[in-house]
Amino acid sequence: MRFESTSGGAFSTLALQMYREGGYVGGAVYDSKYFVRHYISGDKKELPRLRSSKYSQSDTVGFYNEVVHLLDAGSKVLVCGTPCQMAGLRSFLRKDYENLIIVDFICLSVASPKVQRLYLDYLEQEHQSSIIELKYKAKDIGWHNLSKRIRFANGKTVYGKKGVDHLSRTFHNHLSARPCCFNCKFRGFPRVADITLGDFWGVDKLKPHLDNNCGTSAILLNSKKGEFFFRNVASRMVLEGIHVNDVILGNKALLKSLPVPGKRAEFMASLDKEPFDELVDRLIPIASKKGFKQWCYQSFKNIHRIVKATSLHPKPLFQFLKYNFFSSNIKTSWGKGALIFPHRYCVIQIHKKAKIELDGYVILGEKTISGSKLETRFYMCENSCLYVKKRFRIMYGGNIEIFKNAHLIVDWCGGNVNNTIICGDKIELGYQVALGRDVVIRDNNGGHNIALEGYKNSHPVKIGAHVWLCSGCQIMPGCHIQDGAIIGANSVVSGKVKAHTLVTGNPVRVVDNDVFWNL
């Protein structure tokens, strides 16, 4: 429940209690075009639709009438919305109903539906596929990353991170906020709702034992009625009391309205005139550290990694210098930290006509047990190629072999002990590919031929983004694993694995669909 919620799952717990009492729950849901509207239901099967924040202004036409009809009929109702929407509901009702629990949340701002729709149109065009899921604050790559998960009908999954993703940049720079958000009348105290929910930003410092990067809720009890209802669910939560100032510390929006950004008028006026991505890139370029300060910061990180990897032993230090600075066929960058960091007991053999291009760093032979002498082998043959975009980390006992004319392409891959990658044609590893112990990936059969019609000795392997290969599994030639999949321990994969499925066995079979996991 926490994994699928925006923060710590508090709303879902409150909603389930209302369903247990035979009541109704109202909140924001997506329609088929991912516009947001308010909806009320007495069926707990609807909770997945109501759960999690939508970050776009919702349509409440007819919703308040539905609520008042249920209340007048004696039904219990729990409703959640923005503070201004809940203030509007109280004004509409004209009296306080004992059978009504109003929940709001700590609201930074409400985004324009048009901006979100333009963003989704841009993504569908970019990936040539329709969107089948939009999930804000997806926990797959961690709650603290503020990432959204967008899934496409073609099996592709995109993770939009704060500071990089186009829509996130408009939201966090307040360009997509509604005009009323710059002079909000419903911040501060007393609150209009019986219960207020929010992300407990700062929990990692104040209460680190309550933070595992899967979301932690801050819960403010604002009325006796809210406190009484909350008692019914307290036993289903891990709770600790805090001072309200601890919540405010990480949620300034509780008290203060947004400042009006200088570029907002231009942004809104240009929405119909420029492609969405180009407009955002022009007005809100991706923030990056530049100049001498950035060079110094990266240099400190590089030196730390050198010391950690080599322990200042002569052999790995010599390997570091040789392959990063004295090999013309290896493209590295000190300023970007795109370097090869060999640990002790690495055996490295790179042909002079092999090619390595690094936009990210490579760690070879990292050890958990410092005294271990377990060897790590890295071999590249003539005309072979390795390209690393962000990170390629192989622990001790690893065996990486890239044969003649073969290409190994790595976005971001983290390995464990005794990983083997045998590349004779082409192997692609996407963003956040996690390798368990003793995992084998190979795109060839080692030169052995079988007298079968259509037999190929090698066949490319492609592994998508955010894929977990569990201990002992073997990825065979021709395998295509789509985004978000999990390959069970000791499984053998030789064909296609669909996105967000859990498979296991030899040969693999699907155990579950729509599976999500956290790294």
Side-chain angles (χ1 to χ4, degrees), residues 123-124 126-129 131-133 135 138-142 145 147-161 164-165 338 356-363 385-395 398 400 402 406-416 419-436 439-443 458-471 473-488 491 493-503 508 513-519:
L123 285 178
E124 290 183 333
E126 178 80 8
H127 297 279
Q128 293 296 297
S129 182
I131 292 171
I132 60 172
E133 183 195 38
K135 183 76 174 177
K139 310 294 176 62
D140 309 31
I141 57 177
N145 281 320
S147 62
K148 63 177 69 62
R149 180 177 69 229
I150 304 102
R151 294 172 61 199
F152 296 86
N154 62 7
K156 184 73 176 173
T157 301
V158 171
Y159 292 94
K161 295 176 69 175
V164 179
D165 171 74
I356 296 179
E357 186 175 343
L358 302 182
D359 284 323
Y361 61 93
V362 176
I363 295 178
C385 181
L386 169 67
Y387 171 65
V388 177
K389 186 176 180 182
K390 290 186 176 69
R391 188 183 93 162
F392 187 32
R393 172 181 170 268
I394 294 295
M395 292 186 69
I400 311 299
I402 311 174
H407 290 72
L408 176 58
I409 302 168
V410 181
D411 189 330
W412 188 106
C413 176
N416 209 312
N419 294 148
T420 296
I421 299 177
I422 308 297
C423 181
D425 188 347
K426 185 178 183 180
I427 295 177
E428 296 181 64
L429 305 178
Y431 179 69
Q432 280 205 344
V433 173
L435 311 182
V439 168
V440 176
I441 303 173
R442 61 185 311 138
D443 66 356
S458 63
H459 202 88
V461 168
K462 185 173 183 179
I463 299 176
H466 200 65
V467 170
W468 181 7
L469 308 179
C470 296
S471 296
C473 70
Q474 298 194 42
I475 310 303
M476 304 305 287
C479 182
H480 180 195
I481 302 176
Q482 292 188 329
D483 298 346
I486 302 174
I487 312 301
S491 299
V493 187
S494 58
K496 182 177 180 180
V497 177
K498 292 184 178 180
H500 299 284
T501 56
L502 169 60
V503 301
V508 293
N513 295 289
D514 290 325
V515 173
F516 301 96
W517 62 280
N518 179 271
L519 184 64

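- In this structure a side-chain-to-backbone donor-acceptor pair under 3.5 Å is missing from Asp443 to Val461.
- The distance between the ring centers of Tyr159 and His466 falls below 6.0 angstrom.
- Within 6.0 Å of the NZ atom in Lys498, the count of heavy atoms belonging to other residues, nucleotides or ligands does not exceed 12.
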task: With side-chain contact (heavy atoms from CB on, under 4.5 Å) as the test, would you mind laying out the steps for Ile150 and Leu123 before giving the verdict?
output: CA-CA 9 Å; Ile150 304 102; Leu123 285 178; 4.1 Å; yes

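- Using a 4.0 Å cut-off between charged side-chain N and carboxylate O, Lys390 and Asp359 make no salt bridge.
- The two atoms that bring His127 and Phe152 nearest to each other are CD2-CZ, 3.5 Å, heavy atoms only.
- Considering only heavy atoms from C-beta on, Ile463 comes within 4.5 Å of Ile441 through its side chain.
- By the 4.5 Å heavy-atom criterion applied to side chains, Ile400 and Leu408 are counted as neighbours.
- Using a 4.5 Å heavy-atom cutoff, the side chains of Thr501 and Val515 are not in contact.
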message: Apply side-chain contact (heavy atoms from CB on, under 4.5 Å) to residues Ile475 and Ile481 and explain how you reach the verdict.
response: CA-CA 9 Å; Ile475 310 303; Ile481 302 176; 3.9 Å; yes

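- Distance check, rounded to the nearest 0.5 Å: NE2 of His459 to NZ of Lys426 gives 12.0 Å.
- Between atom CG of residue Asp140 and atom NZ of residue Lys148 there is a gap of 13.5 Å, rounded to the nearest 0.5 Å.
- Here SG of Cys413 is found 15.0 Å from NZ of Lys389. Values are rounded to the nearest 0.5 Å.
- Taking every heavy atom of both residues into account, Ala406 and Gly424 meet most closely at CB-C, 3.5 Å.
- Between the Asp165 side chain and the Lys161 main chain, no donor and acceptor come within less than 3.5 Å of each other.
- With rounding to the nearest 0.5 Å, the separation of OG in Ser129 from CD in Glu124 is 7.5 Å.
- Asn419 and Gly415 get closest at one heavy-atom pair: OD1-CA, 3.2 Å.
- Ser147 and Gly142 get closest at one heavy-atom pair: OG-O, 4.4 Å.
- The CG atom of Asp411 sits 11.5 Å away from the CZ atom of Arg391 when rounded to the nearest 0.5 Å.
- A donor-acceptor contact shorter than 3.5 Å links the side chain of Asp483 to the backbone of Thr157.
- A distance-only check finds a donor-acceptor pair linking the side chain of Asn154 to the backbone of Lys156 [under 3.5 Å].
- Seen from the ring of Phe516, Arg149 counts as a face-on cation partner, given the 6.0 Å and 45° thresholds.
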- request: Please lay out, stage by stage, how Ser471 and Val439 fare under the test side-chain contact (heavy atoms from CB on, under 4.5 Å).
  value: CA-CA 6 Å; Ser471 296; Val439 168; 5.9 Å; no

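- Side-chain contact between Arg442 and Pro477 is present, with at least one heavy-atom pair separated by less than 4.5 Å.
- We find the OG1-CD distance between Thr420 and Gln474 to be 9.0 Å, quoted to the nearest 0.5 Å.
- Gly488 and Cys473 make their closest contact through O-CB, 3.7 Å (heavy atoms, listed as atom of the first residue, atom of the second, distance).
- Under the 4.5 Å side-chain criterion, counting only non-hydrogen atoms from C-beta, Leu358 is not in contact with Tyr387.
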message: Pair Tyr361, Ile363 - check side-chain contact (heavy atoms from CB on, under 4.5 Å), show working.
response: CA-CA 7 Å; Tyr361 61 93; Ile363 295 178; 3.6 Å; yes

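- Looking at heavy atoms from C-beta onward, Trp468 lies out of side-chain contact with Leu435 at the 4.5 angstrom threshold.
- The shortest side-chain heavy-atom distance between Ile487 and Cys470 does not fall under the 4.5 Å cut-off.
- No option in Glu133, Gln482, Arg151 other than Arg151 meets the side-chain contact (heavy atoms from CB on, under 4.5 Å) test with His500.
- Trp517 approaches Ala434 most closely through the heavy-atom pair CH2-CB, 4.1 Å.
- Counting only heavy atoms from C-beta outward, the side chains of Leu429 and Ile421 approach each other to under 4.5 Å.
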